[in-house]
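Below: one structure, written as structure tokens.
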Number of protein chains: 2
Amino acid sequence: MATVAVENYLKHVLLLSEGGEELVSMGDLAGALAVVPGTATAMVKALADEGLLEHQPRLGVRLTTRGRRIALNVLRKHRLVETFLVETLKMDWSKVHAEAEQLEHAVSDEVLDRLDALLGHPRQDPHGDPIPNRAGKIDSQVYATLATCATGRRLRIVRVTEQSEEFLRFAEDSGLRPGAELSVGERNLVSGLVTLTRTDGGKIALGVAAAGKILVEPRG
Amino acid sequence: MATVAVENYLKHVLLLSEGGEELVSMGDLAGALAVVPGTATAMVKALADEGLLEHQPRLGVRLTTRGRRIALNVLRKHRLVETFLVETLKMDWSKVHAEAEQLEHAVSDEVLDRLDALLGHPRQDPHGDPIPNRAGKIDSQVYATLATCATGRRLRIVRVTEQSEEFLRFAEDSGLRPGAELSVGERNLVSGLVTLTRTDGGKIALGVAAAGKILVEPRG
DNA sequence: CCACCTATTTTGATTAGTCAAAATAAGTGT
DNA sequence: ACACTTATTTTGACTAATCAAAATAGGTGG
């Protein structure tokens, strides 16, 4: 059975490869896992020996089919647990990521399936992140962000791709959660400022980096 | 923060001391944790240095106040999680012990409190084991067992003190779960056999060791 | 009192995961 | 082509938790 550390390495390789087939650099992986680069190299070598990922020295890593299967299962646990914490236990969506980081390694497949049923087989978690189904299939639709979308049009927030508690608390306080509707007033590339208008007329200013974390679709 | 191993050592010292103040022998502790005796000695020495338990060499160990506080919190998590798995997720009570062994180390105090509220602050888990409250207080009523109680009287099962899946499946199939009513027909100390009569008239034979795992109170 | 049995402790090794710091490989610009 | 920068890998050391097996300490029975 995969240890907690192994599950975390595989999960982060999956997240960093955006679901695609690109190589993930050792630096990015080490950064995501908060370990020094040498540690990541050592661990990656071991995981490659186990056949869970493919290591191209000095270039990066990519999941094997087996590794991907495990990573998707961990991600499914993470996101279903987050959904449970918000929907059933009424926890604040800014806190559930940290909780799920622990629980994702302790929840069995049977509990997972029962949670899934209890919640009505949700497709997204509270942040709008897609939940892989039991077969490991995951919606990977590409959305525009508040940093890249057309201005003036009516939009709906579909996803917030940032897990830090501070960011999410800010988003919550500003009404920027999945499902909320708004439009982009103006975007100043020089100052890096994006101005939003909520349906209630309220205006919010946002840095372009933060705006890039918020995915939207045209309302319709 | 206490590691998983530390939490397990403290929890098992608590369980083996029956809530009382008696010393727990190293052999019993090592057995409960499924480690060799030398491992338990080493770990106990470390925990004593941390001030979590008191080690009397060659005699045994006992929890300190700090160790007891942690152990009770772990036990509370274990039993509330079991209750959640049975009540909310409708899992079989014979399986929830193993699940809770994992989850008890991953559930935060905040999630714990919300589970407690969701379940309506239960006093016992599905096996009838008392759940410590948040302050660490735990019902420690002494009950008779099917091996020690008077024969002929009408009884109610209050608790089944054995966690193994096989035993619990047998108990379930025989209608021996907390709340069930029955009486002890006869008890043969020579053969070690206990005969039970259910309310529906059905008879069940049980070894005296198994009978000792089932706690009862006079119905009334 | 001595030999023996049993529980406990010690000692030496092992594994997983980690860090710090030195060594190396791969560009990049001049 | 050469010196530089930067990412990656290697090396050596450490911690937590464990096992196997040898050493030891208490009783217990004769």
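Throughout, protein chains are lettered first and strands after them, A, B, ... in sequence-line order, and every chain is numbered starting at 1.
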In whole angstroms, how far is the [atom2] atom of [N] from the [atom1] atom of [X]?
{"X": "E50(A)", "N": "dT15(C)", "atom1": "CD", "atom2": "P", "value": "14 Å"}
{"X": "L33(A)", "N": "dA16(C)", "atom1": "CG", "atom2": "C1'", "value": "15 Å"}
{"X": "L29(B)", "N": "dA17(D)", "atom1": "CG", "atom2": "P", "value": "14 Å"}
{"X": "L52(A)", "N": "dA16(C)", "atom1": "CG", "atom2": "P", "value": "14 Å"}
{"X": "L59(A)", "N": "dG27(C)", "atom1": "CG", "atom2": "P", "value": "8 Å"}
{"X": "E7(B)", "N": "dA17(D)", "atom1": "CD", "atom2": "P", "value": "11 Å"}
{"X": "N8(A)", "N": "dA16(C)", "atom1": "CG", "atom2": "P", "value": "17 Å"}

Starting the side chain at C-beta, find the nucleotide from [options] nearest to [X].
{"X": "S25(A)", "options": "dT9(C), dT8(C), dT8(D)", "answer": "dT8(D)"}
{"X": "P37(A)", "options": "dG17(C), dT9(D), dA17(D)", "answer": "dT9(D)"}
{"X": "V36(B)", "options": "dT18(C), dT9(C), dA20(D)", "answer": "dA20(D)"}
{"X": "R58(A)", "options": "dA17(D), dA7(D), dT9(C)", "answer": "dA7(D)"}

Show, in sequence, the C-alpha distance, side-chain angles and deciding distance for S108(B) and E99(A), and conclude whether the side-chain hydrogen bond (donor to acceptor under 3.5 Å, both in side chains) test is met. CA-CA 7 Å; S108(B) 72; E99(A) 298 281 354; 2.7 Å; yes
Quick check on DNA chain C: between A42(A) and K45(B), whose nearest nucleotide comes earlier from the 5' end?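 Counting from the 5' end, the first nearest nucleotide belongs to K45(B).
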Pair E104(B) + K77(B): basic N to acidic O under 4.0 Å: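 Salt bridge: no.
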Any ion pair linking D92(A) and R169(A) (charged N to carboxylate O, less than 4.0 Å)?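 Judged by the 4.0 Å cut-off on N to carboxylate O distance, R169(A) and D92(A) do not form a salt bridge.
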Please determine if a side-chain N or O atom of [X] lies less than 4.0 Å away from the OP1 or OP2 oxygen of [N].
{"X": "T39(B)", "N": "dA17(D)", "answer": "no"}
{"X": "H55(A)", "N": "dT8(D)", "answer": "no"}
{"X": "T3(A)", "N": "dG17(C)", "answer": "yes"}
{"X": "T41(B)", "N": "dT9(C)", "answer": "yes"}
{"X": "Y9(B)", "N": "dT18(D)", "answer": "yes"}

For G38(B), report the nucleic acid contact type (base, sugar-phosphate, nothing); a contact means any heavy atom under 4.0 Å.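 If one applies the 4.0 Å heavy-atom cut-off, G38(B) turns out to touch a base.
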Rounded to the nearest 0.5 Å, how far apart are CG of L75(B) and NZ of K11(B)?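 The NZ atom of K11(B) is 7.5 Å from CG of L75(B), to the nearest 0.5 Å.
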Once ring-ring contact (aromatic ring centres under 6.0 Å, His included) is applied, do any residues pair with H97(A), and if so which ones, sequence neighbours excluded? H78(A)
